[in-house]
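A short write-up of the structure that comes next.
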Amino acid sequence: MSKTFGARTILRGLDFEVDERARVGVIGPNGGGKSTMLRLLAGSEQVDAGNVARRRELVTAFLPQQVAPEQRTPRQIVRGARPEIARIERELSDCAARLGEPDVIADLDLMSRVLRRQERLLDELDRAGGHVFEGRIETLLLELGLRPEQFDETSAVLSGGQRKLVALAACLAQDPDVLLLDEPETHLDAERRSDLERLVRRFDGAVVMVSHDRYLLDETVTTIAELDGGAITLWPGNYSAYAVSRELALQRQEHHYQTQQKEIARLEEMIRRFKQWFNQGDNERFIVAARVKQRQIDTMEKVDRPVLERRKMGLRLRSERRGGQRVVELRHVDAAYDGEPILRDVSLTVMRGERVGIIGANGSGKSVLTRLITGELEPASGERWIGPSIELGTLVQEHHPALGAATPIEAVRLQRPCTEGEAVHALMRFLFTYEQVRQPVEKLSGGERTRLELLLLMRGGANCLVLDEPTNHLDIDSVEALEGALESFDGTAVFVSHDRYFLDRISDRILEVRDGHVHSSEGGYSAWYARHKGSVAA
């Protein structure tokens, strides 16, 4: 199948097959066509060339990358995933009303027909699971971490992770044969990610999942589908197996490439000598021999030169001012949101050069804590202090709405004056194509939006970065580039993250937000987990 958007070809004659009970993890660069491929498999988008063949009566359920807030409740959203049950119930209600009408009561034949139709509908409702569907809705929502009081609240008040869980419950309610999941881990805390791992493992059908969570891919998939340059390569095993196999394959390809290049050079030298001898003696057999050697070169199956290191975004974080030793302090701070108390008696000091990771369950108050640190949210009581020479740079969980109407070029030039050529050069260092830099920002994928905001953050020159889930939507190469940039950053970084690899590599202190309090723990995620697991076991 092939797919093109404007002048940009996303998929180039791609062949891909999903077997029963497959567990496929799809990886690749942002904007490489992963979400497009899932939508094509789901049937919500059409191919430009080729075709998508599905088994008859196949049920696919698609979880999108972004789940927007809406006015429906979680119960209504999950119920809406099975419109046929609502239709049967409406028809049964019509039958019940019909049976009470005088003309039906007076006509036994007509009553018999209505009763037979009612019986067929009851049988259809039973086959569809309609009699137990309300109970199943509640079970799904509970299993995915929602509280009973949230079932009938508007989804607009839920966090991004909770909205994603509701959408996942709606997918499961369809009893699909194939689950198509586009970054299902986005906005989910570590506990919910563990639940997601168990759900994928025990799901009875096939799963095709786009993900940048290396732990999740290691725990759930048996095949990695690498989508790059519009083509797909399948690798058996989980992500760790893929990483090793790919490295070995690239080394083998490099060896074959170098060997072939030496052979081509040898043949070309022979051709050169044969032509020289022909010119000196005008002997026909030399030119024939040269043609034979040239034919050998032309008929070779050429080995492509391997890309041993893929191009990564050019993120280099540097502060423009050093800043003081103490960066920010919260002193006995209480915080509330919409009148509800969220955090109580928080005392916290962040020192220059620290890498502080913030973890906790969805809704525990992690984003509230970052907003207190940045000063966006005023404490209900207590005091916030920030160093006089501290300049904050922030990256929020929900993409900046002000960028939606601008092109990437305009966003870069609005943030800090520069020429159009300088803006284009900066954007291309962050892996944007020449065509993308002039498209509306709202048309960019989630990962592309995050890359743009990281570019703006880099150009800002702040000496204290406060990042709310910075790895969301980024492909694995970009996450690794971000990890490298933060490791060499000469300022301070405070970040909310659920990416366990990221937390382990970057954090030198973990703040766990739990039960309205903030608990500090030295070391990275693994050190915190070892202590936390031990305390739970005790």
Side-chain angles (χ1 to χ4, degrees), residues 1 14 16-28 33-45 52-67 74 77-85 128-129 133 136-137 139-146 160-188 192-227 232 234 236-239 446 473:
M1 51 190 179
L14 183 144
F16 182 57
E17 184 175 300
V18 181
D19 297 325
E20 253 185 322
R21 297 190 60 77
R23 294 291 184 274
V24 182
V26 183
I27 65 171
K34 302 184 297 297
S35 297
T36 299
M37 188 182 80
L38 284 195
R39 290 194 296 270
L40 291 171
L41 292 173
S44 60
E45 200 159 304
V52 180
R54 295 179 183 81
R55 193 182 68 202
R56 187 174 295 175
E57 297 183 355
L58 184 80
V59 178
T60 60
F62 174 53
L63 179 70
Q65 188 181 116
Q66 300 275 14
V67 180
I77 291 169
V78 180
R79 191 184 289 143
R82 296 291 301 274
E84 73 279 14
I85 291 178
F133 189 51
R136 188 167 178 229
I137 290 173
T139 300
L140 282 170
L141 292 172
L142 283 170
E143 284 182 347
L144 289 169
L146 263 74
Q162 289 168 331
R163 292 199 302 271
K164 197 105 179 188
L165 292 170
V166 172
L168 181 56
C171 288
L172 296 171
Q174 298 172 52
D175 295 321
D177 303 297
V178 182
L179 262 180
L180 304 169
L181 308 176
D182 196 354
E183 299 186 27
E185 74 278 6
T186 305
H187 305 309
L188 298 188
R192 295 282 84 79
R193 290 188 185 207
S194 296
D195 292 342
L196 178 63
E197 290 165 8
R198 287 191 290 272
L199 184 151
V200 170
R201 282 198 296 266
R202 72 170 188 252
F203 179 67
D204 200 36
V207 178
V208 181
M209 173 173 60
V210 173
S211 178
H212 304 308
D213 186 318
R214 293 157 284 186
Y215 267 92
L216 180 63
L217 290 168
D218 268 352
E219 291 296 320
T220 56
V221 305
T222 56
T223 302
I224 293 291
E226 183 182 23
L227 182 58
I232 204 161
L234 298 179
N238 61 12
Y239 180 81
H473 307 303

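Atom set for the values below is all heavy atoms of this structure, side chains included, hydrogens, waters and symmetry mates excluded.
The ring-ring contact (aromatic ring centres under 6.0 Å, His included) check on Phe16 picks up nothing, with sequence neighbours excluded. Here Ala167 pairs with Leu63, Val67 under the side-chain contact (heavy atoms from CB on, under 4.5 Å) rule; sequence neighbours left out. With sequence neighbours left out, Thr60 forms a side-chain hydrogen bond (donor to acceptor under 3.5 Å, both in side chains) with no residue at all. Partners of Ser211 according to the side-chain contact (heavy atoms from CB on, under 4.5 Å) rule, which considers only residues two or more places apart in sequence or in another chain, are Glu185, Met209, Asp213, Leu216, Leu217. In this structure Tyr215 satisfies the ring-ring contact (aromatic ring centres under 6.0 Å, His included) test together with Tyr501, sequence neighbours excluded. Applying the side-chain hydrogen bond (donor to acceptor under 3.5 Å, both in side chains) test to Glu197 and every residue at least two apart in sequence or in another chain returns Arg500.
Separating the CD atom in Glu219 from the CZ atom in Arg198 is a distance of 10.5 Å, to the nearest 0.5 Å. Separating the CG atom in Asp204 from the CD atom in Glu20 is a distance of 9.0 Å, to the nearest 0.5 Å. Taken to the nearest 0.5 Å, the CG atom of Leu227 stands 6.0 Å off from the CG atom of Leu14. Atom CG of residue Asn238 and atom OG1 of residue Thr222 lie 9.5 Å apart, to the nearest 0.5 angstrom. Here the straight-line distance linking atom CG of Leu172 with atom CD1 of Ile137 works out to 12.5 Å at 0.5 Å rounding. How far CD1 of Ile27 is from CD1 of Ile232: 10.0 Å, rounded to the nearest 0.5 Å.
Without hydrogens or angle criteria, Asp177 side chain to Val59 main chain gives a donor-acceptor distance under 3.5 Å. The backbone N or O of Glu183 sits nowhere less than 3.5 Å from a side-chain atom of Lys34 that would complete a donor-acceptor pair.
Scanning all heavy atoms of the two residues, the minimum distance from Ala169 to Val78 falls at CB-CG2, 3.9 Å. Pairing each heavy atom of Ala225 with each of Val24, the nearest pair is CB-CG1, 3.8 Å. In terms of heavy-atom proximity, Val200 sits nearest to Arg23 at O-NE, 3.0 Å. Phe203 and Arg21 make their closest contact through O-NH1, 3.8 Å (heavy atoms, listed as atom of the first residue, atom of the second, distance). Residues Val18 and Ala206 come closest through the heavy atom pair CG1-CB, 3.9 Å. In terms of heavy-atom proximity, Leu181 sits nearest to Leu38 at O-CD1, 3.5 Å.
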From CA spacing to verdict: side-chain contact (heavy atoms from CB on, under 4.5 Å), Arg163, Val166: CA-CA 5 Å; Arg163 292 199 302 271; Val166 172; 5.7 Å; no
Pair Leu165-Leu188, side-chain contact (heavy atoms from CB on, under 4.5 Å): steps then yes or no: CA-CA 8 Å; Leu165 292 170; Leu188 298 188; 3.8 Å; yes
Criterion side-chain contact (heavy atoms from CB on, under 4.5 Å) on Val221 and Tyr239, from CA distance to verdict: CA-CA 8 Å; Val221 305; Tyr239 180 81; 6.0 Å; no
Full working for side-chain contact (heavy atoms from CB on, under 4.5 Å) between Cys171 and Leu179: CA-CA 8 Å; Cys171 288; Leu179 262 180; 3.9 Å; yes
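Taking 4.5 Å as the limit, some side-chain heavy atom of Pro74 sits within range of a side-chain heavy atom of Leu146. Counting only heavy atoms from C-beta outward, the side chains of Thr220 and Val207 never approach each other to under 4.5 Å.
Salt bridge Asp175/Arg82: present, at least one basic N to carboxylate O contact under 4.0 Å.
Partner of Leu168 under the side chain to side chain contact (heavy atoms under 4.5 Å, CB included) criterion, chosen from Leu196, Asp195, Leu140: Leu196.
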